[in-house]
There are 2 protein chains.
Amino acid sequence: MHGQTQIIDFQRLKTACSSCSLQDLCMPRGLTADELCQLEALVDEHRRIKRGERLYATGSPFEALYTVRLGSLKTSVLFEDGREQVTGFHMLGELIGLDGISTDTHNCSAYALEDSEVCLLPFSRLEEFARTIPAMQHHVHRLLSTEIVREQHNMLMLGTMRAEEKLASFLLDLSDRYLKRGYSASEFVLRMTREEIGSFLGLKLETVSRLFSRFQEAGLIIAQQKYIKLLDPTGLRQLIGPPD
Amino acid sequence: MHGQTQIIDFQRLKTACSSCSLQDLCMPRGLTADELCQLEALVDEHRRIKRGERLYATGSPFEALYTVRLGSLKTSVLFEDGREQVTGFHMLGELIGLDGISTDTHNCSAYALEDSEVCLLPFSRLEEFARTIPAMQHHVHRLLSTEIVREQHNMLMLGTMRAEEKLASFLLDLSDRYLKRGYSASEFVLRMTREEIGSFLGLKLETVSRLFSRFQEAGLIIAQQKYIKLLDPTGLRQLIGPPD
DNA sequence: GGTTGGTATTGAGCTAAGTCAAGAATCTTC
DNA sequence: GAAGATTCTTGACTTAGCTCAATACCAACC
């Protein structure tokens, strides 16, 4: 079993960053061939995570960042009394684990929403690399800062939006991200449950479910369980705004 | 007027990082004297902001980070339709502006809550510095990551807490931060309005006001407008948890 | 291929927090 | 130090979203 994993990992190593279709998503543009080569040496492993399995847990030692290579994950923070807040859903090319740098310990947990695969970037090596290549250094700073901005948007969403607006912007955001990855922007299959969507949006699962139904009645979407089709993205966009 | 400002700034420059009481708060431990000296060269200016004035605006070009040297600030993100979400209140020694790295443009705005003063750290120079001193590089990464973790906590708060819990943890957090700065943990004057607290917590100002009154009736605090005294921090802490 | 357990939908009723509004306290400024 | 402008408090009422509960759907796995 372990032996087989080794073999698979070794094969995957050959399809490294330079030939990876997600290169643009997770790595900076404008690296020289030589620099790209060094970058490849950085990614020392791929890891497979089965649906529902955990990639890392809150409190576990931080060693590496991960980029989603296949599938999708969620990250969530836990409160002492068991309450959970999903802090993000992550798809192809997206980077996770940045919160671990702070204390050398992961500050959230990451779970696979479906069978997934991630690239592993040992952070100390990334730091070394960044020291020698300014473009890479700046890229790391940008990645961290972009995560801060993303979370600020989530705070805006959680703090100021009504349920309807939250779900509409959630769907539009997903749609956008699928589009950027070459998938259909109007038709997709959700990888997360109503409860996870609810947790992310600060709503209860029943509310999420009811809203899906309401959006469907209004002719904005088709929602059959996890299957979603956006019929009227403009209409969805118009939902976001002052109640009026 | 401008001349005078120049003189004052020049005087302040002399009380640079090496003799600044906030050194531990905003800069990494374990720099050599020489490194500290280089660090000082980095901070090229102090800036005074009067109460209510803006330090930087969303969309303005990002050039520098700022550390609070005196007073306090708030940062907030704005939604197209005018809704505002306060993303943080920042006091002595705290660093702001990290969200600007992402797009070379500020992604939130910063306003002084009282007459304040900040140290200005030009980011490109900080990057240069970080390239030569690994401890500094790691410190920058940590700062960014810590901001991510802070925002994750805010998301947890916004998404999962009841009004009562939000305000209790807000007060306890403030108390903590005052304590770390050598002020009283149990008695302080709020620098922000009920509306700003509400925006930060995802509540309306009336709700905040009512909660202050309720906490006071319950003997947990004394709240006379901006003056706050925590009578029973343990009681406040017990408010946070499942409704029971 | 039927059983089981997780997931989703929908309804009825409740409640925490919001809205609107009026008045009090405090700060600002001339 | 009086007038005006903010900010804060409190009350009465409304409502969006929650809770509880029952049923339906779907996927996984003997």
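Residue numbers start from 1 in every chain, and the chains themselves are labelled A, B, ... in the order their sequence lines are given, proteins ahead of strands.
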Nucleic acid footprint by protein, nucleotides 13-20 of chain D - heavy-atom cut-off 4.0 Å, B for base, S for sugar-phosphate alone = ----SSBB
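Counting to the nearest Å, the P atom of D:dT7 and the CG atom of B:Leu205 are 10 Å from each other. Rounded to a whole Å, the OH atom of B:Tyr227 is 18 Å from the C1' atom of D:dC8. Following rounding to the nearest Å, A:Ile228 (CD1) and C:dT9 (C1') show an atom-to-atom distance of 14 Å. Rounded to an integer number of Å, the gap from A:Gln224 CD to D:dC26 P is 8 Å. For the pair B:Glu196 CD and D:dT6 P, the computed distance is 14 Å after rounding to whole Å. Here the P atom of nucleotide C:dT29 and the NZ atom of B:Lys50 are 11 Å apart, to the nearest Å. Protein atom CD of B:Glu114 is 18 Å distant from nucleotide atom C1' of D:dT6, rounded to whole Å. One can place CZ of B:Arg51 at 9 Å from C1' of C:dT28, the figure rounded to the nearest angstrom.
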Atom pairs and distances, side-chain donor-acceptor, residues 197-213 of chain B, under 3.5 Å, sequence neighbours left out:
from     : atom 1 : to       : atom 2 : distance (Å)
B:Ser199 : OG     : B:Glu84  : O      : 3.2
B:Ser199 : OG     : B:Val86  : N      : 2.8
B:Ser213 : OG     : B:Ser209 : O      : 3.2

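The existence of a salt bridge linking B:Glu117 and B:Lys50 is excluded, since no basic side-chain nitrogen approaches an acidic carboxylate oxygen closer than 4.0 Å. Using a cutoff of 4.0 Å between basic side-chain nitrogens and carboxylate oxygens, B:Glu94 and B:Arg69 are not scored as salt-bridged. Looking at A:Glu165 and A:Arg237, no side-chain N of the basic residue comes within less than 4.0 Å of a carboxylate O on the acidic one, giving no salt bridge. Looking at A:Glu53 and A:Arg48, no side-chain N of the basic residue comes within less than 4.0 Å of a carboxylate O on the acidic one, giving no salt bridge.
Backbone-only contact: A:Ser213 has heavy atoms under 4.0 Å from sugar-phosphate atoms and none from a base.
Residues in residues 214-232 of chain A take part in these side-chain hydrogen bond (donor to acceptor under 3.5 Å, both in side chains) pairs, two or more places apart or across chains: A:Glu164-A:Arg214, A:Glu187-A:Tyr227.
Residue B:Lys226 places at least one side-chain N or O closer than 4.0 Å to OP1 or OP2 of D:dC8.
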